[in-house]
There are 2 protein chains.
Amino acid sequence: MDGAGRRVTAVDVARLAQVSTATVSLVVNGKARGRVSPATRERVLAAVDELGYRVDPVARELATGRRHSVALVVPDIANPYFSQLTKGVADRLGCGYRLCLIIADPSRAGLDRIVTERVDGMLAEAPAVDVIRELDGRTPLVVLDRPAPGTDHPYVGFALADGATELADHLLDLGHTRIGYLDADIGTPTFEFRRARMDERLHAAVGHGFTGPLVRSRTDIDAAAEAFTAAWDDWRAAGVTAVVCAADVHAYGVLRAAARLGVHVPGDLSVASFDDLPFSALTDPPLTTVRLSAGDLGFHAAELLLTLMQGTPAGPPPLLPATLQIRSTTTPPKTT
Amino acid sequence: MDGAGRRVTAVDVARLAQVSTATVSLVVNGKARGRVSPATRERVLAAVDELGYRVDPVARELATGRRHSVALVVPDIANPYFSQLTKGVADRLGCGYRLCLIIADPSRAGLDRIVTERVDGMLAEAPAVDVIRELDGRTPLVVLDRPAPGTDHPYVGFALADGATELADHLLDLGHTRIGYLDADIGTPTFEFRRARMDERLHAAVGHGFTGPLVRSRTDIDAAAEAFTAAWDDWRAAGVTAVVCAADVHAYGVLRAAARLGVHVPGDLSVASFDDLPFSALTDPPLTTVRLSAGDLGFHAAELLLTLMQGTPAGPPPLLPATLQIRSTTTPPKTT
DNA sequence: TTGAAAGCGCTAACAG
DNA sequence: CTGTTAGCGCTTTCAA
């Protein structure tokens, strides 16, 4: 009604209701039970209503020291993996907390932004050690996906070893021995682990790891397609019959590039990856991939963070399953 | 170092540097130019460094009245459309603002949460009129995608009419006359418009609108697949040769369900939709869809919000293109 | 060039 | 049951 009028404060309400601001505070915070008479309570409520008063969250935060907000640090919200993760977090957090999205690579710069942001809790994948140290003892932090190297910081992750092993064995069982790898260009622990674990398994089975150039690209369909296109000649020359991608998004790029190059999947080349995004069952052909439920990860991480914020120490880190979904991008290599 | 020690405040810095907190404030805010002697400035900086002082954002916000934060209200962050949108917003906002994600249907409840959240600016698709009214004159708001009905509130949208018309004409040109529609279950203006506009065009061309039951489902692959499966018998009975979906995500579900039902796309049925998410070029077969760049929408909306927050009145609303991408899910109907 | 002091709006002891 | 008072930590006139 009053348009851009001055903000209504507790003082205004107190004046109108003929009480003190303390009473207003008690009433609006639902702490009136047995501390404020029903009659005064009604008066206050009426005044609140009439004036359209809402408590100022900033002032409340300063006074109480609790911000009711959680920061989620993700490198790329456009990647469905992280948007699923975000959804999981939001679902668990509900309305009780504000969710601040910080889009930054927590392993590099921009740390400042993260550390300055005074939130009640934080969720981050692969935070730099500085960040962990700086936050430690002040702001509860839950690390996502892989434990922070060199620390025993609370985290929630996947049974990645299982998934990687399963995928390696699947390819091996099909008869592939020369396998290429398309890695993500950000060397976060989860990506390091995916590659290293599979490499290890290949060594154990056939005496050597991945074949041909180790390619890296941004986690982005176009970038991955380009990377594949550039690498394909070398891979083919090296006798590669399958390529594993660090993430589904990379695999999408590979699928597209392969189609354009006339490389038939899975006839000429098997393709597999990690994540199992909802679209991976719909690609042409449907993608074989290790299922990593980002939504569950977010949900459980938020859960753990909530307990941490209550002061409860972290129990054993929940390990979420990572199981192979075999679809149609993997078949035995052509027996030329 | 000190673990959970007390927070370092400006008072601590002031004491160590032998100055007043006012001076500390000037220095840390870069307002020292000509108001603080270089020598004192150095002392303060040294003290800040030694103590590891960082200004408390909450206190600063309360004192200045500016929160440096923007809220983005989205109904479902797991939908790639909204994650692209979010990315666009984040890209434009940069580091200067905190991005608070509010996951809620702004047309229904949860409004309270939105209104209470005292941010500097807000972005929302299809906000309820109450929200607009309550925010008006206090918090700048940019409406996304479609103008808020019955108001002239600033917004950023697409040339949806063009896209819908183009799609209708494309189907008509191919020879389809009996076309089914799978709508989103949230009746936001953008979805209403997509359907209504196409319906109108069909009427003009063939004397009737969509054929068969009007189906609605959540914007979710599984839900859409179920909805299609349930509707298919009726649609087929009605002679439907093409179905248009309100969003790509619905189309993904239709594609999957059609495959399972043995309905060949596009042989038996043409499919098309709106959005053109990055995955839509990779589905089997690649999807014909009206391209709506959510990322651009977010970017431009954030841009407009920024100018609004500076007090500049909104100029004419930017209209982003909506052009049809013809791929492989649409062909002429079988001439049985 | 610097400091004192008055808020910003709310909460939480502590009296009464 | 209710009011007084003292902060929360910072910014910002206004004097000195």
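Reminder, nothing fancy here: chain letters follow the sequence lines and each chain counts from 1. These figures come from a predicted structure and were not determined experimentally. Hydrogens, waters and symmetry mates play no part in the numbers below; they use all other heavy atoms, side chains included.
- At a threshold of 4.5 Å between non-hydrogen side-chain atoms, the residues B:Val73 and B:Pro127 do not count as touching.
- Residue A:Lys31 has no polar side-chain atom (N or O) positioned under 4.0 Å from OP1 or OP2 of C:dT11.
- Note that CG of A:Leu141 and OH of A:Tyr155 are 14.0 Å apart. Values are rounded to the nearest 0.5 Å.
- The distance from atom CG of A:Leu62 to atom C1' of D:dC8 is 4 Å, rounded to the nearest whole Å.
- Comparing D:dT4, D:dT11, D:dG7 against the side chain of B:Thr64 picks out D:dT11 as the nearest.
- Following rounding to the nearest Å, A:Arg35 (CZ) and C:dA13 (C1') show an atom-to-atom distance of 10 Å.
- Take the nearest nucleotide of DNA chain C for B:Pro38 and for B:Ala59: the residue whose nucleotide is more 5' is B:Pro38.
- No side-chain donor-acceptor contact under 3.5 Å links B:Asn29 to the backbone of B:Lys31.
- Closest to the B:Thr40 side chain, of the nucleotides D:dT2, C:dT1, C:dT11, is C:dT1.
- Nucleotides of DNA chain D nearest to B:Val55 and A:Arg33 differ in position, and the one nearer the 5' end is that of A:Arg33.
- Taking side-chain N and O atoms only, B:Ser37 has a distance below 4.0 Å to OP1 or OP2 of C:dT2.
- Across all strands shown, A:Ala22 has heavy atoms under 4.0 Å from base atoms, whether or not it also approaches the sugar-phosphate.
- DNA chain C is contacted by both A:Ser25 and B:Ser20; B:Ser20 maps to the nucleotide lying nearer its 5′ end (nearest heavy atom per residue).
- Within 4.0 Å (heavy atoms only), B:Thr23 reaches sugar-phosphate atoms of the nucleic acid but no base atom.
- Annotation: the span from B:Thr40 atom OG1 to B:Leu45 atom CG amounts to 11.0 Å, rounded to 0.5 Å.
- Atom CZ of A:Arg66 and atom P of C:dC10 are 18 Å apart (whole Å).
- When rounded to the nearest whole Å, the span between CG of B:Asn29 and P of C:dT2 equals 16 Å.
- Distance from the side chain of A:Ala10 is smallest to C:dC10 among C:dC10, C:dA5, C:dT11.
- A donor-acceptor pair is defined here as one N or O able to donate and one able to accept, closer than 3.5 Å; no such pair exists between the side chain of B:Asp145 and the backbone of B:Gly157.
- Residue A:Thr9 has no polar side-chain atom (N or O) positioned under 4.0 Å from OP1 or OP2 of C:dG9.
- Separating the CD atom of A:Glu42 from the C1' atom of D:dT2 is a distance of 17 Å, rounded to the nearest angstrom.
- The interatomic distance linking A:Arg67 (CZ) with D:dC8 (P) rounds to 18 Å, in whole Å.
- The CG atom of B:Leu26 sits 15 Å away from the P atom of D:dC14 (whole-angstrom rounding).
- Within 4.0 Å (heavy atoms only), B:Arg60 reaches sugar-phosphate atoms of the nucleic acid but no base atom.
- The interatomic distance linking B:Arg43 (CZ) with C:dT2 (C1') rounds to 11 Å, in whole Å.
- When heavy atoms are screened at a 4.0 angstrom cut-off, A:Val19 is found touching the sugar-phosphate backbone but no base atom.
- Separating the CD1 atom in B:Ile132 from the CE atom in B:Met122 is a distance of 11.5 Å, to the nearest 0.5 Å.
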